[in-house]
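Comments concern the structure below.
Hydrogens, waters and symmetry mates are skipped; everything else that's a heavy atom, side chains included, is used.
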Amino acid sequence: MKGKNAARQAASYGILIALAMVMSFVESLIPLPIPVPGAKAGLANLVTITGLYLVGIPGTVCVTLLRVVLVGLTFGNPYSMVYGLSGSFLSLLVMAAAKKYRLFSPVGISILGGVFHNIGQLTFAAVIVETPGLYYYLPALLLAGCAAGALIGILGGILTERLGKLLAPGQ
């Protein structure tokens with residue numbers, strides 16, 4: 001029985017990482033009509049919100065790390081990996097705390113994720129280039145983070161429900 005659960009867990013991680021890679025690729029093909037550097041739809045964050053509910057916090061940390069590194073190697077560069085890690089892990093930390101303490105619904109948790117992802121990346125960029133003026137973009141990025149987070153949260157609920165049935169033990 002233990003081997004079956006380990007195989008099921010490995011399959012869950014593999015599915016989530018594959019979904020994140022596909023979502024990142026699709027997102028790279030979609031230009032957003034927002035004149036703010038770094039604004040994205042956050043499709044790969046769909047995997048993060050789904051992972052929190054399907055594989056838990058430790059598993060989602062692993063999936064997120066692998067996602068950012070693999071996407072950086074495949075579609076980006078070392079800088080994109082570092083920026084991705086700065087946003088992803090601040091976002092994940094806040095979402096994990098909100099989920100653990102049951103502060104919000106999955107949609108609310110996803111909105112927090114979108115907002116804090118932008119805050120993490122913007123703060124990292126401001127420190128690296130030593131330009132606090134980058135915070136000029138914060139209001140637009142917060143608005144984009146809320147909108148994307150709400151959409152991703154809704155889609156994440158649907159995906160979690162469907163994948164949960166597929167990956168449920170005993171099925």
Heavy-atom count check: over 12 atoms from other residues, nucleotides or ligands less than 6.0 Å from Phe25 CZ?
no

Yes or no on side-chain contact (heavy atoms from CB on, under 4.5 Å) for Thr50 and Leu16, after CA distance, side-chain angles and deciding distance?
CA-CA 8 Å; Thr50 303; Leu16 291 174; 4.2 Å; yes

I'd like to check Ile49 versus Asn45 (side-chain heavy atoms, cut-off strictly below 4.5 Å). Are they in contact?
no

Nearest heavy-atom pair of Ile109 and Lys99: which atoms, and what distance?
CD1-CA, 3.6 Å

For the residue pair Ile17 and Arg67, establish whether any side-chain heavy-atom pair is separated by less than 4.5 Å.
no

Under 4.5 Å between any side-chain heavy atoms of Val47 and Thr64, yes or no?
no

Side chains of Met81 and Leu73: closer than 4.5 Å at any heavy-atom pair?
yes

Using side-chain contact (heavy atoms from CB on, under 4.5 Å), reason through Met95 and Phe116 one step at a time and then give a plain yes or no.
CA-CA 9 Å; Met95 289 193 302; Phe116 278 92; over 6 Å; no

What do the steps show when you test Leu52 against Leu92 for side-chain contact (heavy atoms from CB on, under 4.5 Å), and what is the final call?
CA-CA 9 Å; Leu52 283 173; Leu92 182 55; 4.0 Å; yes

Provide the closest heavy-atom pair for Ser105 versus Tyr53 in the form atom of the first, atom of the second, distance.
C-OH, 4.4 Å

Hydrophobic cluster membership, Leu143 vs Val94, 4.5 Å side-chain cutoff
no

Following the transitive rule for hydrophobic clusters with a side-chain heavy-atom cut-off under 4.5 Å over Ile, Leu, Val, Met, Phe, Trp and Tyr, establish whether Tyr13 and Met23 coincide in one cluster.
yes

Are Leu138 and Ile119 packed together at the side-chain level, in the sense that at least one heavy-atom pair is separated by less than 4.5 angstrom?
yes

Taking CZ in Phe75 as the centre, count heavy atoms belonging to other residues, nucleotides or ligands within less than 6.0 Å. Is the count above 12?
yes

Hydrophobic cluster identity match, Val63 and Leu93, side-chain contacts under 4.5 Å
no

Assess the residue pair Ile152 and Ile111 against the criterion (side-chain contact (heavy atoms from CB on, under 4.5 Å)); give the C-alpha distance rounded to whole Å, side-chain angles, the decisive distance to 0.1 Å, and a yes or no.
CA-CA 8 Å; Ile152 294 302; Ile111 290 170; over 6 Å; no

With clusters defined by side-chain heavy atoms of hydrophobic residues (ILVMFWY) lying less than 4.5 Å apart, directly or transitively, does Leu85 cluster with Val127?
no

Looking at every non-hydrogen atom in both residues, tell me the closest pair between Ser80 and Gly72 and how far apart they are.
OG-CA, 4.1 Å

Can you confirm whether Leu159 sits close enough to Leu19 that some side-chain heavy atom of one is under 4.5 Å from a side-chain heavy atom of the other?
yes

Quick one: does any side-chain atom of Glu27 pair with a main-chain N or O of Ala41 as donor and acceptor, under 3.5 Å?
yes

Minimum heavy-atom separation for Gly153 to Ser110, with atom names?
N-OG, 3.2 Å

Tell me whether the count of non-hydrogen atoms from other residues, nucleotides or ligands lying under 6.0 Å of OH in Tyr83 goes above 12.
yes

List the atom of Leu141, the atom of Asn118, and the distance in Å for their closest heavy-atom pair.
O-ND2, 2.7 Å

Atom CD1 in Ile15, atom CG in Leu54: separation rounded to 0.5 Å?
9.5 Å

Between Leu103 and Leu112, is there a side-chain heavy-atom distance shorter than 4.5 Å?
no

Atom pair OG/CG of Ser24 and Leu46 - distance to nearest 0.5 Å
10.5 Å

Gln121 (side chain) donor-acceptor with Ser86 (main chain) under 3.5 angstrom:
no

